[in-house]
Amino acid sequence: MGAKRIRKVRFIGKQNNKSNNLYPAVRNELTGPVYGYINERGNFVIEPKFQNAYDFNEFDIAIVNVNNKAGIIDKNGEYVVHPIYDSISPYKEGRAVYILNNTMGVLDEEGNRITKKPYTFVSNYNEGRAIVGINDEESGSYIYGYIDLQGNEVVSPSYIQANDYIDGVALVKIKDNTFALLDKDGEIINTYEYFYVGQYGEGLMTFAQDSDSPLGYINTQGEVIIKQKFSSATAFRDGVAVVSTGQLFNSKYGVIDKTGKYVYEPIFSRIEQLGEGRVALGLPLDDDVPYWTSIYAIGDFSGNKLSNFKYLSVDNYKEGLASASDNKYTFFIDKNGNIVTNLPIVEGSGNLECIHDLIRANIDYITYYIKPSGKVVYKPNETIKLNNKYSITKLKFKPNYNYLVYFPKVDGLSNKNVENNINEKLREMSCFIPNMEAGSIVDLEITEDDVLEYNYNGDFQIEYFNKNLLVLDMTGYYYPFGAAHGMPYKRTPNINLETGEFYRLSDLFMGGVNWTGELNKIIENMIITDPQYDILFEGAFKGIEENQDFYVDQNNLYIYFPPYEIAPYVAGFVTFKIPFTEIEGIINKEGSFYKSFN
């Protein structure tokens, strides 16, 4: 990588002499990933049994998820708060926001509810205040106020917009074209008569005269400090702000000081404030499409570029170090933008984070733990045993920074030709080729130096396994840069591990029966009678096809349709669950498909 050797740096993880630090870790099982907690040696102290698990905080409690509910445990794995909540946010300022039955509230450090009534919105705390919102029956819109750390309303909900407290003040919107700055007691310091006021920071706020005018900055007295000339502008932080000129995809970003003078001229495709007096300056990898991928250099607040443009991602600085990635590796960099060579340099893209005595590596969507020396302490298993005969292993295909696929490889078949044929087909099914109806892996010509017009991530899970039938849920997400949103992809092969057959839907039914007609009747009735299908486009369901997407489990047939085919994008993959008991009369129970799992 041509890394420049620098002085050795000390490890900055939070040390704990009690050596009772625990770390959330995943184990891959047949039923899916489960989370528990390991110690510094990589041994599970709290066995994996959670859907998800988060870090223990300063109160030695951690948020976990079980059966789609959130609770809180202590370091013995005992529940402090039983998993009854729809979600619990990470603690901030000793408080956590929960959602329960479409209402929101706050828990203290012991898990007690402190809010005096339910709200439709609660933000995280900042400077001892949290924004709360309720639905105003008179206007039909949300109105906002503030609560303190005891859950008491300091400001009753009355504002149509509200922002976090920063430096002891909060910016709110009273009505159209009228904004105000509040003190900690909710008293109005000053009001501002503009179409827009926002982004408070260090005594300055952005403002606009009307919807079409550029942005400038005013002070708390309402005086214009920096004239309107920007298409976007952030809050001031550490004496500087990031601003842009141009519109939408042609925006150019720069950095200004509090007088409006450019520290960096607006010539960059992206700029990120990293803290500790540093910024990441981005230039496009391809000048023709500046909104695609950027490559970054490190700069200071005096306008000095400290490194070359060589990083594809950079995290915030913490005690002099930041995690960064190029197209092959992830590592720490110092404040001069040099790679720190006496800390781990790992293959893949993501970030490194110092947690107590270990470094957590979130690389290519897999989380594992390493020592400062680089020795791996714990990494999730890549192979899952299906039974005493079969197993399945997760393999990685990553030809480019913006293209990553995890694909399955089955093992244990007695016939190795069948095994190889299955694995070859699974690898081809895993790889997505843009703008092609069909293709194979050999058609996918991507190198690490290519500047892709899109990002693609693919993965899989075991949907169902019994006897000789393996059903996989192979998913992917394709995002063309600049699009409003990406497109999810889904394939669900139903595979006989004994014969190598990839079953079609027709293989489930007896010959000579109108199975498509029977399924169509059931689905049409579900559309009419089940409210969950009210979102479907009217008349969009025209019947299933011979190559219909489907999968099975022990007792049910699932028919599904991709976004936009019969419903809006927001509906996702519309799925119809049909119990076998409803179609028992047309199932071929002597056929290879049915007998593969019965």
Side-chain angles (χ1 to χ4, degrees), residues 14 24 52-65 69-74 80-81 83-135 142-173 179-189 197-203 205 220 234-238 273 275 316 318 353 355:
K14 293 182 180 178
N52 217 329
Y54 300 87
D55 288 323
F56 279 95
N57 61 19
E58 66 270 30
F59 309 113
D60 282 343
I61 57 177
I63 299 164
V64 295
N65 295 103
K69 294 293 182 179
I72 299 174
I73 62 169
D74 61 22
V80 176
V81 175
I84 62 171
Y85 294 98
D86 298 317
S87 73
I88 301 175
S89 69
Y91 274 80
K92 188 171 186 287
E93 299 189 6
R95 299 294 181 264
V97 177
Y98 70 80
I99 299 177
L100 179 63
N101 299 326
N102 296 317
T103 63
M104 300 182 72
V106 177
L107 303 176
D108 66 14
E109 67 274 16
E110 296 179 347
N112 302 310
R113 299 182 194 175
I114 63 168
T115 32
K116 310 301 188 288
K117 62 183 180 182
Y119 294 98
T120 51
F121 174 79
V122 182
S123 74
N124 285 325
Y125 277 85
N126 212 56
E127 297 187 1
R129 299 288 185 268
I131 305 166
V132 293
I134 61 173
N135 189 30
Y142 286 111
I143 51 176
Y144 300 92
Y146 295 89
I147 57 173
D148 62 18
L149 288 168
Q150 287 69 49
N152 301 311
E153 285 188 0
V154 178
V155 179
S156 297
S158 56
Y159 297 107
I160 61 177
Q161 287 181 12
N163 295 277
D164 284 337
Y165 271 88
I166 300 173
D167 299 331
V169 297
L171 182 64
V172 298
K173 185 175 183 179
F179 295 79
L181 209 58
L182 308 182
D183 66 17
K184 290 295 284 287
D185 296 320
E187 299 296 323
I188 293 178
I189 298 171
V197 179
Q199 300 290 333
Y200 175 87
E202 300 179 355
M205 299 166 282
T220 56
T234 69
F236 273 90
R237 176 181 163 195
D238 298 327
Q273 287 184 263
N316 288 342
K318 182 179 179 182
E353 182 182 8
I355 306 290

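Model, not experiment: these values are computed from the prediction.
Under the 3.5 Å distance criterion, the side-chain polar atoms of Glu202 are matched with a main-chain donor or acceptor of Asp238. Formation of a donor-acceptor pair under 3.5 Å by the Asp183 side chain with backbone atoms of Asp185 is found in this model. Judged purely by atom type and a 3.5 angstrom limit, Tyr91 has no side-chain atom pairing as donor or acceptor with the backbone of Ala62. With Asp86 contributing its side chain and Asn101 its backbone, the two residues share a donor-acceptor pair below 3.5 Å. The main-chain N or O of Asn65 is never found under 3.5 Å from a side-chain atom of Asn52 such that the two would form a donor-acceptor pair. With Lys184 contributing its side chain and Val154 its backbone, the two residues share no donor-acceptor pair below 3.5 Å.
For the atom pair CZ of Phe59 and CG of Asp74, the computed distance is 14.5 Å after rounding to the nearest 0.5 Å. Here the CD1 atom belonging to Ile355 is positioned 5.0 Å from the CG atom belonging to Asp55, to the nearest 0.5 angstrom. The CD atom of Gln199 sits 12.5 Å away from the CZ atom of Arg237 when rounded to the nearest 0.5 Å. A distance of 8.0 Å separates CD in Glu109 from CD1 in Ile61, rounded to the nearest 0.5 Å. The CD1 atom of Ile73 lies 12.5 Å from the OH atom of Tyr54; values are rounded to the nearest 0.5 Å. Atoms CD1 and CD, on Ile143 and Gln161 in that order, are 13.5 Å from each other to the nearest 0.5 Å.
For Asn102, the CG atom sits in a loose shell: 12 or fewer heavy atoms of surrounding residues, nucleotides or ligands are nearer than 6.0 Å.
For the residue pair Asn126 and Lys92, a side-chain donor N or O sits within less than 3.5 Å of a side-chain acceptor on the partner.
Contact detail for Ser89 and Ala96: the closest heavy-atom pair is O-CB, 3.4 Å. Between Tyr85 and Leu100, the shortest heavy-atom contact is CD2-CB, 3.9 Å. Contact between Arg129 and Asp148 at its shortest, heavy atoms only, is NH1-CB, 3.6 Å. When all heavy atoms are compared, the tightest approach of Thr115 to Val106 is OG1-N, 3.2 Å. Closest non-hydrogen pair, Ile166 versus Tyr200, comes out as O-CE2, 3.5 Å. When every heavy atom of Leu171 is checked against every heavy atom of Gly198, the shortest pair comes out as CD2-CA, 3.4 Å.
Met205 places a side-chain heavy atom less than 4.5 Å from the side chain of Leu181. Counting heavy atoms from C-beta on, the side chains of Thr220 and Val169 never come closer than 4.5 Å. In this structure, the side chains of Arg95 and Leu107 stay at 4.5 Å or more apart for every pair of heavy atoms. Contact annotation: the side chain of Leu182 approaches that of Ile188 to within less than 4.5 Å [non-hydrogen atoms, C-beta and beyond].
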**Request:** Would you sort out whether Asn163 and Phe179 count as a side-chain contact (heavy atoms from CB on, under 4.5 Å), showing the intermediate values?
**Result:** CA-CA 11 Å; Asn163 295 277; Phe179 295 79; over 6 Å; no

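Tested against Ile131, the residues Phe121, Tyr125, Tyr159 include a single side-chain contact (heavy atoms from CB on, under 4.5 Å) partner, Phe121.
The existence of a salt bridge linking Glu153 and Lys117 is confirmed by a sub-4.0 Å separation between a basic side-chain nitrogen and an acidic carboxylate oxygen.
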